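Everything numeric here is computed off the predicted structure, so don't read it as measured data. Below, all heavy atoms of this structure are taken into account, side chains as well, without hydrogens, waters or symmetry copies. By convention in this document, chain letters (A, B, ...) are assigned in the order of the sequence lines, proteins followed by strands, and residues within each chain are numbered from 1.
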There are 2 protein chains.
Amino acid sequence: MPKRRDSIESHARLIAAAQREFAVHGVNASLEAIARDAGVAIGTLYRHFPTRMDLLIAAFEPRFQEFLDGASSALEIEDPWARLVAYLENLFRVQAGDRGFNDFLSRRFPSNAETERIHDQMCEQIDTVLAQAQQSGQARPDIALADIVNLIWSNGRMMDATGTTAPNEWRRHLYLMLDAYRAERAHPIPEPPMTQEQLYNAMVHLGKAY
Amino acid sequence: MPKRRDSIESHARLIAAAQREFAVHGVNASLEAIARDAGVAIGTLYRHFPTRMDLLIAAFEPRFQEFLDGASSALEIEDPWARLVAYLENLFRVQAGDRGFNDFLSRRFPSNAETERIHDQMCEQIDTVLAQAQQSGQARPDIALADIVNLIWSNGRMMDATGTTAPNEWRRHLYLMLDAYRAERAHPIPEPPMTQEQLYNAMVHLGKAY
DNA sequence: GAATAAGAGGAGGTGCCCCTCAGGTTGTCA
DNA sequence: TGACAACCTGAGGGGCACCTCCTCTTATTC
């Protein structure tokens, strides 16, 4: 918590700039560009946020809250299928147009306990909502968490391509995929889903940008 | 067409190295890394391939042939749905494990007439195969070329994440999506597909790497 | 209003990449 | 075998990004 007035201001400007830059360029956005955008020197950025992760967490905290609020509402829905749909719609809505937040949800950062906790929590929640829809016979039994994460990944790539020109395309993609998830439309899938371990490693691997 | 023996050899080594590097790092792979991998100096690379695009075309030519051969076989299948499935399975099989070729198919390079022709041809083919499966009542009528391209994009991101650790995951994803494409008991999708123009722009935009 | 500690600035070292070009090398052909 | 054109090399300039650290500035406090 900084004390000096100018320090507080720099802090706020940096967070705002980071949100803008991460939203457009993803979590690997240039820190120098963020400092420029905030109107402060690069040294000031590093004074406030020694690592990229510090800045990421500060920038996405409100967005993650937004996600949690929406998730709570969704989880109150009675019907398991409708609950799954609402949960996923909320999950993707908060990502829409924010390339960085999608990156953030797509990956794992093993060296950071705080984000690991967030991800564990989210994965567990998705797992539960999905399992309930499967138990009710509405969702096909042969899909898994990994398939949902795959959908998150796809969404990121769609943003890379469409930028801001097709801002609702995520919703089309989601509803199309939901039709694939329905039990009554299911046909056998020739490959098993990724194991938990494969999924985890893949989410980490995504961080080693290529 | 180079004449000197050493030149021919350099040429071949460069193409081989480019195939390896593009496969792992995508079409933006470092040209210096390719030269290193080929065991030639960077100047030699530029002598043989003045632009990145020249190298891309040389590197992917055989892979594209492979695709065309598989596509021909698929197109001979009688049943329109089975034809669509075979066509897509071939399309994704040739991309599997080659991040660069996926990039190549995912994008448009408006400044290069040769690749534009290739892409036009491919889009037209997909459009036809899809339309036939729709006319036969097997594929739902509310999907379009853009949805298939979306699947190509998704595939690329899956490769980013899984690398070589889950080499058959593309097949799972494809078959899941095929279930979404089936006409029987399809549910309405709340958003329209991208227009041809939006799709084209998105494919170009993907090139402006972020 | 002066002292001070916290903050801001930004030059500069390092690393990676793009691309060019001057000068040395070598395969080929007469 | 000698001459030459084609070829190869790699240093180096320009860009961008990361990150550090020394210097200067300034809000605050007494």
Side-chain angles (χ1 to χ4, degrees), chain A residues 1-59 99-100 103 107 109 111-112 207-210, chain B residues 1-18 20-59 99-100 103 107 109 111-112 160 207-210:
Chain A
M1 290 299 143
K3 269 195 356 199
R4 269 171 57 167
R5 181 159 37 83
D6 57 346
S7 171
I8 294 171
E9 200 171 311
S10 292
H11 199 264
R13 292 164 70 89
L14 279 167
I15 290 179
Q19 287 169 339
R20 284 190 291 272
E21 294 288 324
F22 287 144
V24 176
H25 299 109
V27 297
N28 291 328
S30 158
L31 297 182
E32 294 190 331
I34 291 174
R36 260 196 310 275
D37 186 345
V40 304
I42 183 67
T44 302
L45 182 150
Y46 279 97
R47 160 172 282 273
H48 285 271
F49 304 99
T51 70
R52 179 183 293 270
M53 183 55 75
D54 295 323
L55 190 49
L56 282 175
I57 291 175
R99 194 64 191 73
D103 273 349
R107 300 180 186 180
F109 307 90
S111 59
N112 186 285
K208 298 173 181 105
Y210 274 122
Chain B
M1 293 298 143
K3 267 190 6 190
R4 270 171 56 167
R5 180 160 36 81
D6 56 348
S7 172
I8 293 171
E9 199 172 310
S10 292
H11 199 264
R13 292 163 70 89
L14 278 166
I15 289 179
R20 284 190 293 272
E21 295 288 323
F22 286 144
V24 176
H25 298 111
V27 296
N28 292 330
S30 158
L31 297 182
E32 293 192 329
I34 292 174
R36 261 196 309 276
D37 185 346
V40 303
I42 183 65
T44 303
L45 182 149
Y46 279 97
R47 158 170 283 273
H48 285 272
F49 303 99
T51 71
R52 180 182 292 269
M53 182 55 76
D54 294 323
L55 190 49
L56 282 175
I57 291 175
R99 193 64 191 72
D103 273 348
R107 301 181 186 180
F109 308 89
S111 60
N112 187 285
D160 287 341
K208 296 171 182 111
Y210 274 121

Under 4.0 angstrom between B/Ser10 side-chain N/O and D/dC8 OP1 or OP2: yes
What nitrogen or oxygen pairs link the protein and nucleotides 20-24 of chain C at under 3.5 Å?
none

base_contact_polar (D/dC7 base, B/Glu9 side chain, donor-acceptor, <3.5 Å): no
Whole-Å distance separating the CG atom of B/Asp6 from the P atom of D/dT9: 9 Å
Touch class at under 4.0 angstrom, heavy-atom based, for A/Ala35 against every strand present: nothing
Any side-chain heavy-atom pair of A/Asn28 and A/Asp103 under 4.5 Å: no
Shortest side-chain distance from B/Leu31, nucleotide among C/dC19, C/dG7, D/dC7: C/dC19
Between CD1 on residue A/Ile57 and CD1 on residue A/Ile15, distance to nearest 0.5 Å: 11.5 Å
Min side-chain heavy-atom separation B/Ile34-B/Phe22 under 4.5 Å: yes
Rounded distance (Å) that lies between atom P of D/dC18 and atom CG of A/Asp54: 15 Å
Under 3.5 Å: donor-acceptor pair, side chain of A/Arg52, backbone of A/Val27: yes
Below 4.0 Å: OP1/OP2 of D/dC19 and any side-chain N or O of A/Arg52: no
Separation of atom CZ in B/Arg36 from atom P in D/dC8, rounded to whole Å: 19 Å
Euclidean distance, atom CZ of residue A/Phe49 to atom P of D/dT20 [Å, nearest integer]: 16 Å
Closest non-hydrogen atom pair, B/Leu14 against B/Val40: CD2-CG2, 3.7 Å
Base of C/dT28 paired with side chain of B/Arg5 (donor-acceptor, under 3.5 Å): no
Atom-pair distance (CG on B/Leu45; P on D/dC8), nearest Å: 11 Å
Distance test, side-chain N/O of B/Ser7 to OP1/OP2 of D/dC7, below 4.0 Å: yes
Nearest-0.5 Å distance that lies between atom CG in A/Leu56 and atom CZ in A/Phe109: 6.0 Å
5′-ward residue of the pair A/Gly39/A/Glu32 relative to DNA chain C: A/Gly39
Side chain of B/Arg4 (C-beta onward), nearest among C/dG9, C/dT28, C/dA8: C/dT28
Below 4.0 Å: OP1/OP2 of D/dC8 and any side-chain N or O of B/His48: yes
Contact check, side chains of B/His48 and B/Thr44, non-hydrogen atoms, under 4.5 Å: yes
B/Asn28 CG - D/dC16 C1' separation (whole Å): 15 Å
B/Arg47 side-chain proximity, nearest of D/dA17, D/dT28, D/dC7: D/dC7
Under 4.0 angstrom between B/His11 side-chain N/O and D/dC7 OP1 or OP2: no
Below 4.0 Å: OP1/OP2 of D/dC18 and any side-chain N or O of A/Ser30: yes
Nearest non-hydrogen partners of A/Ala33 and A/Glu21, listed with the distance: CB-OE1, 3.9 Å
Interatomic distance, B/Glu21 CD vs C/dC17 C1' [rounded to whole Å]: 14 Å
